[in-house]
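For reference, the structure discussed in these notes is given below.
Being a predicted model, the structure only gives us computed values, none of them experimental.
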Amino acid sequence: METKQQLPNATLVLIFGIVSIVTCFCYGILGLIFGIIALVISKQSINLYKANPELYTGYENLKAGRICAIIGTILSSLYLLLIIAYVVLMGTALIPWSEFIKY
């Protein structure tokens with residue numbers, strides 16, 4: 001009987017997915033970075049698991065980490081877009097209107 005081994009990077013994907021959710025409100029940048037890295041790593045591990053599912057354990061951690069990474073990436077993207085919209089709005093509000101109105 002073969003011994004099953006832990007799926008490589010499953011724990012790392014879970015940690016990065018959780019960190020992407022926790023850091024999504026750090027202007028969206030950190031959460032986006034961690035989320036994208038977790039998604040890329042999870043894709044490689046999923047392909048490895050699908051090739052030989054009987055050899056590995058820990059697929060549940062990989063799935064949970066991937067879900068957390070997706071949630072963190074979406075929240076980070078939305079928050080980053082909100083920050084960009086805020087900066088653009090405040091930038092246009094600070095421009096004196098006399099610059100636009102020519103007599």
Side-chain angles (χ1 to χ4, degrees):
M1 183 174 177
E2 294 180 28
T3 341
K4 290 188 173 187
Q5 59 184 354
Q6 181 69 20
L7 189 62
N9 300 325
T11 307
L12 181 68
V13 170
L14 182 61
I15 291 171
F16 275 14
I18 292 171
V19 169
S20 73
I21 292 175
V22 171
T23 61
C24 69
F25 295 111
C26 295
Y27 298 106
I29 297 170
L30 287 176
L32 202 57
I33 291 170
F34 282 116
I36 290 172
I37 291 172
L39 289 174
V40 169
I41 294 173
S42 71
K43 179 68 174 165
Q44 296 168 353
S45 295
I46 287 173
N47 290 339
L48 184 65
Y49 178 79
K50 286 185 178 179
N52 293 314
E54 65 277 350
L55 295 178
Y56 299 108
T57 62
Y59 188 67
E60 295 79 21
N61 286 344
L62 184 67
K63 287 194 308 186
R66 184 171 171 84
I67 291 169
C68 289
I70 291 170
I71 292 170
T73 303
I74 290 171
L75 287 176
S76 297
S77 300
L78 290 175
Y79 195 72
L80 185 63
L81 288 175
L82 181 72
I83 294 295
I84 290 171
Y86 177 77
V87 168
V88 168
L89 184 66
M90 286 296 116
T92 57
L94 295 176
I95 297 174
W97 286 102
S98 61
E99 297 283 325
F100 294 110
I101 302 172
K102 301 293 182 189
Y103 294 103

[atom1] of [X] to [atom2] of [Y]: how many Å apart, nearest 0.5 Å?
X	Y	atom1	atom2	answer
Phe25	Thr23	CZ	OG1	10.5 Å
Asn52	Leu7	CG	CG	11.0 Å
Leu80	Cys26	CG	SG	12.0 Å
Ile83	Ser76	CD1	OG	11.5 Å

I want to check something: taking the side chain as every heavy atom from C-beta on, are [X] and [Y] in contact at a cut-off of under 4.5 Å?
X	Y	answer
Pro8	Tyr56	yes
Leu32	Thr73	yes
Leu39	Arg66	yes
Asn61	Val13	no
Lys50	Ile46	yes

Measure across [X] and [Y] and return the closest heavy-atom pair with its distance rounded to 0.1 Å.
X	Y	answer
Lys4	Glu54	CE-O, 3.2 Å
Ser20	Cys68	OG-O, 3.6 Å
Ala38	Phe16	CB-CB, 3.7 Å
Ser45	Asn9	OG-CB, 3.7 Å

For residues [X] and [Y]: do they belong to one hydrophobic cluster (side chain heavy atoms under 4.5 Å, members Ile, Leu, Val, Met, Phe, Trp, Tyr)?
X	Y	result
Tyr79	Ile36	no
Ile37	Leu12	yes
Leu78	Tyr27	no
Val19	Ile67	no
Ile41	Leu14	no

### Task
Could you label the plane-to-plane angle of the Tyr49 and Tyr59 rings as parallel, tilted or perpendicular, counting under 30° as parallel and over 60° as perpendicular?
parallel
### Task
Could you check Gln44 against Leu48 for side chain to side chain contact (heavy atoms under 4.5 Å, CB included), going step by step and ending with a plain yes or no?
CA-CA 6 Å; Gln44 296 168 353; Leu48 184 65; over 6 Å; no
#### Entry: side chain to side chain contact (heavy atoms under 4.5 Å, CB included) between Thr57 and Gln5, worked out
CA-CA 6 Å; Thr57 62; Gln5 59 184 354; over 6 Å; no
